[in-house]
Amino acid sequence: MKRLLALIMSLALLLSAIPSMSAEDEIMYTGTVAGGSLHLRKEPSSSGKVINTYKAGTKVDILENDGVWCKVKVGKSTGYMMTQYLKIEPNYPHLGWSRTPDDGTVLNLRAAADGASRVVYKALSGCVLETVEDAGSWMRVRAGSVFGYVEKSRLTSLSGDYTPAPTVREEGLTALSLRTAPREVGSARGMERTEGDFTYSVNYPALDFPAADSAMSGWVQDMIRLFEADHQANHGGEPGHLTVEYQAVKVDDRYQSVLLMALYEVGFFQVNAVKAVNVDTQSGRVLSGEKDLFTLDTSRPMFCLESAVARLLHGPADGYDGKPDMGWLRWAVLTREGVQVYLPAGLFLPPSLGTCRVDLRYQQVGECMGLDSEWIASHLRIIDPTKPMIALTFDDGPSEETDRILQVLAEYNARATFCVIGSKVEEYSGVIKRIIAGGNEIACHTWSHPKLINLSASNVRSQIERTNSAVSAIVPGYQVKVLRPPYGSVNKTVRTVCAELDMVIAHWQVDTLDWSTRNAKKTYRAIMKGASNGVIILCHDLYGTTADAAEQAIPELINKGYQLVTVSELLSFHKDGAVPGTVYNRVDPENIVTGK
Ligand code: ZN
């Protein structure tokens, strides 16, 4: 049984049914305008014509949700509202989640609570269904946009806090998507069988590395066996076809990868399966996506996945709130752009999305990998000290506004330092993770924002240490290296404590006064006016106006040739290094080491 389970897991199977007939008329989700007022627009764009404006609490019917915009119906009007401002709830009861049996069989979802009724969906082993109604010995379940009935005895109920996980927008991938994929390494092997009701045409490569080749041919054989058996048992007389296609990439002289996908089609049903193989050609070893790709830091790729998922998932609409773990990397392959993570339909994601792909670029995660690859190394973010640098800093957060700043930073591959208040850290743990996932720095702005010069050494220390450990409780291993003292107030005690804690003290050269003006234009102008090589700029990620200013200033600074770096990155170019206990408000360009 264990082997079978392992086989099924490695096959990553799930049936994705044809869209249900009723998908269009059935309103699966309802929403409520969450806060303030919200525009209903003609187009899914913030420049779309405003049809009407609705107050908080207005109920809407959700017709579609792409994660950014919802197509909604309010009264007689139909238009678009931003997903993030809607509270979305399923328009059907959610009783929990169930898993289909891990026995390698196909489970039929039926139109009624009756073993003789029409099959509306087929789910294979180990897939997760949402239970929506208890019907005696049957359970009504949802798989994507399809509802159907399953015998209760076949389902294992998952605990209430079970959270299957999310996506990427490159969705609905099947083997057919790989027909035009690059095939840069290996020699192609093909097998076909065209007689009888069950036919197949499979293509896969041989790389001349025995471990990889046997893994791939074994998987292909498993697929043929499995689907032929399903076909014989359930679909005699009906044509069934299996397709296997692949992508094969040469990353550099050392690493190669192959992604195999299978598609089994019978009647209205489709089954997709994925297999990922990464090879270290020097040792001939097959690298495991879970264990071997991210050997230096696993938290960053997880946070990147989590952010990708939050952005790409159909909002809370599908009821999924999954937290990625390393198991998600089982279907990860190296390419020359980054790591492609394939998320097989229904295993982590809502089945309705099909098989999805998340791309983690080397600029984001390369430094966590520790692979001996010149190619990856050449794609890491490199700061050029001969070009001007600026350290933007944001105090007093995290807050609801922080994510907007993170988004624009990520978009421009820029970094900043977030000087957080310790007592807010736990509440905003998601923001803390996203700050770090984006390669930004967290600095300590004390636990409760006191004037440190009024405190004893031991109280100063506890203000700092309590904050730092709140951060490392969320991101284990993360070390806070910078103190931003509230009001910039520093004395010998503070310097001594920082020296003992191996931290530097960051003041600022440019004060945007954003907290006082609360004016986006003025804040933007203050940033641009103060911009020069080596400066530290003070802002506060508490205000919408500051986030507005950041959205405008960051692209502009990049455009002017500035590299936006963290405080620690900036100080790392100081000719004397960053000296613990020292106060910095900038690095004078004369002190920046530009040579090797
Ligand atoms: Zn402050």
Side-chain angles (χ1 to χ4, degrees), residues 390-406 409 415-429 431-432 434-436 440-456 459-471 474 480-491 493-495 497-498 501 503-520 522-524 526-527 530 535-550 553 564 566-568 570-571 581-586:
I390 286 178
L392 290 174
T393 60
F394 295 91
D395 285 15
D396 295 353
S399 84
E400 308 293 335
E401 305 296 338
T402 311
D403 272 321
R404 275 173 64 200
I405 299 168
L406 291 176
L409 287 167
R415 309 283 196 265
T417 302
F418 292 84
C419 310
V420 303
I421 306 266
S423 59
K424 294 186 183 178
V425 162
E426 198 185 332
E427 183 190 345
Y428 288 98
S429 60
V431 179
I432 295 285
R434 289 190 285 278
I435 289 172
I436 294 172
N440 301 290
E441 177 161 32
I442 297 222
C444 169
H445 196 40
T446 73
W447 182 262
S448 58
H449 211 268
K451 223 176 204 164
L452 292 176
I453 55 172
N454 299 334
L455 302 187
S456 67
N459 284 341
V460 170
R461 184 178 258 272
S462 98
Q463 281 281 337
I464 298 172
E465 283 187 323
R466 214 174 151 195
T467 304
N468 296 359
S469 44
V471 173
I474 291 162
V480 179
K481 288 179 271 185
V482 176
L483 172 74
R484 161 65 54 80
Y487 319 101
S489 109
V490 169
N491 58 10
T493 310
V494 176
R495 286 197 299 270
V497 171
C498 281
L501 294 174
M503 293 170 73
V504 299
I505 300 164
H507 274 179
W508 54 88
Q509 169 86 15
V510 178
D511 186 350
T512 60
L513 296 176
D514 59 336
W515 58 274
S516 145
T517 64
R518 310 267 180 105
N519 177 307
K522 285 184 179 163
T523 304
Y524 162 78
I527 296 173
V535 300
I536 299 175
I537 299 181
L538 170 65
C539 310
H540 297 77
D541 53 329
L542 279 187
Y543 313 110
T545 46
T546 299
D548 290 342
L564 299 186
T566 67
V567 168
S568 287
L570 176 64
L571 295 180
T582 307
V583 180
Y584 298 91
N585 60 2
R586 64 177 300 187

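It should be emphasised that the depicted structure is a prediction, and the values quoted were computed from it without experimental measurement. First listed ligand is number 1; within each ligand, the first listed atom is number 1.
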Gln463 side-chain N/O to Pro450 backbone N/O, donor-acceptor pair under 3.5 Å = no
Non-neighbouring partners of Leu542 that pass side-chain contact (heavy atoms from CB on, under 4.5 Å), sequence neighbours left out = Asp396, Ser399, Lys424
Spell out, as yes or no, whether a donor-acceptor pair under 3.5 Å connects the side chain of Thr512 to the backbone of Leu538.
-> yes
Within a distance under 2.8 Å of the Zn ion (ligand 1), the protein atoms of type N, O or S are Asp396 OD1, His445 NE2, His449 NE2
Apply salt bridge (Lys or Arg N to Asp or Glu O under 4.0 Å) to Glu427 and list each qualifying residue two or more places apart in sequence or on a separate chain.
-> none
Set of ring-ring contact (aromatic ring centres under 6.0 Å, His included) partners for His507, sequence neighbours left out = none
Is a side-chain donor or acceptor of Ser423 paired with a backbone partner of Trp447 at a separation under 3.5 angstrom?
-> yes
